[in-house]
Amino acid sequence: MSTAEPPHPKKKKGNPPTPEEIEERRKLKQLEVIPEGMSKSEWKRQLKSQKWQETKEQYREFQRAKKKAQRQRSKERKRNAEAEEETNYHSIKKSKVMLGKQIPTGVTCIFDCEFDELMNQKEIVSMSNQISRSYSAMRHCEYDLKLKITSFNKNLKKRFDDDVSQYKLWKGIEFNSQQNISDLITEENKSQFVYLTADTDEVIEELLPNHTYIIGGIVDKNRHKQLCLKKAQELGLKVGKLPIDKFIEMNGRHVLATSHVYELCCKWFENGKDWGKAFNEVLPPRKVKGQAKPEEDKGEQEEQEEHSETPSSE
Ligand SMILES: C[S@@+](CC[C@H](N)C(=O)[O-])C[C@H]1O[C@@H](n2cnc3c(N)ncnc32)[C@H](O)[C@@H]1O
């Protein structure tokens, strides 16, 4: 029977020694030759201190790199959290996702995104944020207000494909790249479509079942005057504005952001079909009549109109 030691489990026979093994051997050798008159523990202490001197720069460098990586990871986490917050704006305020349990309304909203080329890149980003926000509002609404995005086939789609790629997994919202509004309308169903626009005297008192409300999917600071009104007229569609004058104090035309219009429709249902309450919930308090206006808001009327096209998340 052989008395030879079994090979080290991790080490294959004939492998060169690792740097750790070399270091270990060096230490043992040094320990063997303790200088005269020096205790073993003192000798050990000196060797330790010498090793520290030799490796401290390396150690500090390692610690610096570790801290840098930690900082980068924390930055990355913060960025992801911000992106998530943007997408789930409403889920922060209301954690309950209503999808699948919603009360039917028979109402559909369409964001008409055929105006892509009229927006600069910043406005495209803003519009994509508004769609994300509206999707969130849709998911958390107690009522089923279907949401479709038509003409989703240019810059806006590119923005989503590049930066909000999870949109393909979103449920209950239809991104339609094949159809424009005109493809959906026939002589038979025309009367069931209403194009929402601030540029009319026709007031929408209530949202009717089996009706589709079209909202212009554009951020333009109202550069393109009467854009949606003209389009609706060309298509021969009914138009209507939200009863904003009753509840909102603004100069000039009462032009709202696309997402605000959709959120207002959701809140109208949730607030017992009361536009006043819906406006109160969706728009900043300083804009709603009867709400206390902070001192600094006095004389800010012009800024208010511009702000109305820009949701607070932008
Ligand atoms: C930012 S606005 C677009 C402004 C654009 N210059 C226009 O002329 O339509 C976005 C969309 O929200 C809807 N909207 C805005 N204010 C509204 C209001 N007071 N009543 C009804 N719809 C409104 C319209 O459908 C509008 O196209």
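Note that these values count all heavy atoms, side chains included, but never hydrogens, waters or copies made by symmetry. All ligand and atom numbering here is 1-based and tracks the order in the structure.
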Does a side-chain heavy-atom distance below 4.5 Å link K51 with E23? yes

Throw together a table of side-chain donor-acceptor distances under 3.5 angstrom for residues 101-113, partners on residues two or more places apart or in other chains.
| residue | atom | partner | partner atom | Å |
| --- | --- | --- | --- | --- |
| K101 | NZ | V97 | O | 3.4 |
| Q102 | NE2 | M138 | O | 2.7 |
| Q102 | NE2 | C141 | O | 2.9 |
| T105 | OG1 | V107 | N | 3.0 |
| T105 | OG1 | D144 | O | 2.7 |
| D112 | OD1 | E114 | N | 3.2 |
| D112 | OD1 | K231 | NZ | 3.3 |
| D112 | OD2 | Y195 | OH | 2.7 |
| D112 | OD2 | K231 | NZ | 2.7 |

Using a 3.5 Å cut-off on N or O atoms only, is [X] in polar contact with ligand 1?
| X | answer |
| --- | --- |
| T258 | no |
| D220 | yes |
| L242 | yes |
| G216 | yes |
| N222 | yes |
| L196 | yes |
| L227 | yes |

Not counting sequence neighbours, list each pair that qualifies as a ring pair (Phe, Tyr, Trp, His ring centres under 6.0 Å) and has a residue in residues 20-64. W52-Y59

Are the side chain of E270 and the backbone N or O of E142 linked by a donor-acceptor pair below 3.5 Å? yes

With a 3.5 Å cut-off and no angle check, do the side chains of E42 and Q46 form a donor-acceptor pair? yes

Side chain, backbone, both or neither: which applies to [X] and ligand 1 if a contact is any heavy-atom pair less than 4.0 Å apart?
| X | result |
| --- | --- |
| T197 | backbone |
| I215 | both |
| R223 | neither |

Would you tell me which option among L256, I218, L229 has the nearest heavy-atom contact to atom 16 (N) of ligand 1? L256

Nearest non-hydrogen contact with atom 9 (O) of ligand 1 belongs to which option: S126, C228, A232? C228

Do F175 and V125 sit in one hydrophobic cluster, given that two such residues count as connected whenever their side-chain heavy atoms are within less than 4.5 Å of each other, even indirectly? no

Under a 4.5 Å side-chain heavy-atom rule over Ile, Leu, Val, Met, Phe, Trp and Tyr, are V203 and L208 clustered together? no

Starting at CG of L196, measure out to CG of L229 and round the result to the nearest 0.5 Å. 12.0 Å

Give a yes or no on whether the ring-centroid distance for Y135 and Y167 is below 6.0 angstrom. no

Could you list the atoms of ligand 1 found under 4.0 angstrom from a heavy atom of V261? 12 (O), 13 (C), 14 (N), 15 (C), 23 (C)

